[in-house]
Protein chains: 2
Amino acid sequence: MNESRKYKTKKQVSEPTLKRLPGYLYFLEQQKEEGVLNISAPTIGKKLSCDPTQVVKDLSVTGIKGKPRVGYNTYELIHALEEFLGFNRINEAFLVGAGNLGSALMAYQEHQELGLKIIAAFDTDEVKIGKSVGGIHILDYNKLFTLSGRLNVKIGILTTPNNVAQDVAEDMVNCGVRAIWNFTSANLDLPEDVIVQTTSMSSYAAVLLRRLNDSDK
Amino acid sequence: MNESRKYKTKKQVSEPTLKRLPGYLYFLEQQKEEGVLNISAPTIGKKLSCDPTQVVKDLSVTGIKGKPRVGYNTYELIHALEEFLGFNRINEAFLVGAGNLGSALMAYQEHQELGLKIIAAFDTDEVKIGKSVGGIHILDYNKLFTLSGRLNVKIGILTTPNNVAQDVAEDMVNCGVRAIWNFTSANLDLPEDVIVQTTSMSSYAAVLLRRLNDSDK
DNA sequence: TAGATTGTTAATCGATTAACAATC
DNA sequence: TAGATTGTTAATCGATTAACAATC
């Protein structure tokens with residue numbers, strides 16, 4: 001068994017845990033600003049309204065050890081979370097579909113805190129091509145292929161209309177993209193090894209509306 | 001026990017199920033377009049890559065009965081899903097924070113398919129006040145209070161900077177908002193009965209980056 | 001009729017929560 | 001020392017998956 005195989009067997013972190021980690025990170029950064037040097041799981045749990053045991057378990061994925069009666073070192077924990085999540089690295093991404101949502105993501109400065117950096121955007125609309133949003137140039141979609149040969153971009157952000165999503169996703173994969181952040185409603189049919197992370201606004205709307213209607217009756 | 005109490009005990013639908021329902025709805029609408037009159041759970045499951053048994057169970061929440069060997073009536077199922085999700089009603093919403101993400105949501109026509117209609121947006125930035133995005137007027141934040149008295153809006157969309165999110169959320173609640181769709185990273189501390197649905201971009205980025213890094217090794 | 005699919009009930013799986021010993 | 005908190009192991013809870021009878 002070679003080195004690369006060994007790493008593959010490292011502890012898999014569950015998706016619910018993974019989704020909670022950025023919340024901890026944000027809160028810890030606030031606390032650091034306020035000069036808090038040590039912080040306990042119960043304190044975090046109270047603020048983010050989740051179980052202290054769960055906080056302990058979640059934070060254990062970083063490998064940071066806390067001290068009983070004291071808690072965790074704030075700075076150490078922040079650093080370890082950023083490292084674990086990859087937020088301190090710069091992960092370059094292409095964006096295709098510079099419409100409303102696409103432009104918002106481009107302008108959304110917070111993305112740089114995520115270690116996710118959109119280095120180029122593509123569109124087929126001639127009105128948009130040549131313009132810039134949030135400092136990112138919008139290029140002719142045809143240039144995706146020539147550009148991806150030179151750059152080694154692994155992440156694609158898909159904010160096109162639904163009806164072209166499948167085709168664009170396939171193009172992305174052919175250009176070397178290994179993970180797609182999908183904001184469309186399309187059900188992408190791609191090779192097994194391509195990572196697809198779908199963020200469906202309608203799923204959230206569904207949960208919100210249903211809860212609201214439930215509480216009415 | 002009065003009528004309103006009785007309804008509260010109706011079958012609670014789990015959040016994972018709820019989140020899958022809009023995906024079924026989108027696929028079914030595509031199928032209807034193509035003239036498909038009946039559709040089976042295995043067919044749906046294959047396309048959306050999930051277990052047929054799960055599809056059956058999920059769809060059962062609508063109350064629609066399928067026929068063995070035939071499947072479900074496409075039209076009936078679409079109608080029942082829309083009804084169940086509340087997507088065929090118009091649920092009015094306020095939006096506060098007409099920045100990048102806020103503007104994207106305003107322009108995002110798809111929202112009308114969600115039965116979620118933004119009827120007014122608010123901001124404190126004088127440059128934005130008076131302008132329109134996606135046909136929605138951006139009003140002075142101070143007008144939130146006077147306007148909410150006349151309108152009976154239950155849903156608030158929160159797309160402000162993190163540092164004012166708590167204050168704005170409290171204002172929304174004081175204006176009669178019962179459910180908040182929170183796009184900020186802030187940990188909102190609100191009365192128990194207020195429904196908060198947080199959509200955290202960083203949670204998705206975390207899952208995406210982690211999966212990508214896992215697959216590298 | 002034969003066989004695919006529904007719909008329900010049971011088994012499995014995984015995440016959350018509880019319990020508790022270790023320790024600072 | 002006393003007691004709060006960590007960190008681990010066990011119990012619970014809920015969702016997914018499997019099994020299977022009913023049925024069109």
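Proteins get letters first, then strands, A, B, ... in listed order; numbering begins at 1 in each. Note that this is a predicted model, so its numbers are computed, not measured.
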Notebook entry, point to check: Considering only heavy atoms from C-beta outward, does the side chain of Val55(A) approach that of Leu59(A) to under 4.5 Å?
Noted result: yes
Next item on the list: Would you mind reporting whether Arg210(A) and Asp214(A) have side-chain heavy atoms less than 4.5 Å apart?
Entry: yes
Next item on the list: Return yes if a side-chain donor-acceptor contact under 3.5 Å exists between Asn88(A) and Glu83(A), otherwise no.
Entry: yes
Notebook entry, point to check: Do the side-chain N and O atoms of Gln30(A) and Glu34(A) include a donor-acceptor pair separated by under 3.5 angstrom?
Noted result: no
Margin query: Using a heavy-atom cut-off of 4.0 Å across all strands, would you classify Ser14(A) as base, sugar-phosphate, or nothing?
Written below: sugar-phosphate
Next item on the list: Scan Lys65(B) against the nucleic acid and name what it touches under 4.0 Å (heavy atoms): base, sugar-phosphate only, or nothing.
Entry: sugar-phosphate
Notebook entry, point to check: Between residues 32-49 of chain A and DNA chain D, which residues have a heavy-atom gap below 4.0 Å?
Noted result: Ser40(A), Ala41(A), Pro42(A)
Checklist line | Intra- and inter-strand pairs of DNA chain D in dot-bracket (Watson-Crick or G-U wobble, both distances under 3.5 Å; | for another strand) | finding: ..||||||||||||||||||||||
Notebook entry, point to check: Judged by atom type as modelled, is there a donor-acceptor pair below 3.5 Å linking the side chain of Thr74(B) to the main-chain atoms of Val36(B)?
Noted result: yes
Note to self: Any carboxylate oxygen within less than 4.0 angstrom of a Lys/Arg side-chain nitrogen, looking at Glu15(B) and Arg211(A)?
What the structure shows: yes
Notebook entry, point to check: DNA chain C: Lys67(A) or Thr53(A), which has the more 5' nearest nucleotide?
Noted result: Thr53(A)
Next item on the list: For Arg69(B) and for Tyr72(B), locate the closest nucleotide of DNA chain C by heavy-atom distance; then report the residue assigned to the nucleotide nearer the 5' terminus.
Entry: Arg69(B)
Notebook entry, point to check: Which heavy atom in Ser185(B) sits nearest to a heavy atom in Asn162(B), and how many Å separate them?
Noted result: N-OD1, 2.8 Å
Notebook entry, point to check: Run the side-chain contact (heavy atoms from CB on, under 4.5 Å) check on Ile119(B) and Phe94(B) step by step: do they pass?
Noted result: CA-CA 6 Å; Ile119(B) 60 166; Phe94(B) 286 144; 4.2 Å; yes
Next item on the list: Classify the angle between the aromatic ring planes of Trp181(B) and Phe183(B) as parallel (below 30°), tilted (30 to 60°) or perpendicular (above 60°).
Entry: tilted
Next item on the list: Extract, from 5' to 3' on DNA chain C, the first and final nucleotides lying under 4.0 angstrom from some heavy atom of chain A.
Entry: dA15(C) to dC24(C)
Item checked: Cation-aromatic face contact Lys67(B)/Tyr72(B), 6.0 Å, 45 degrees -> no
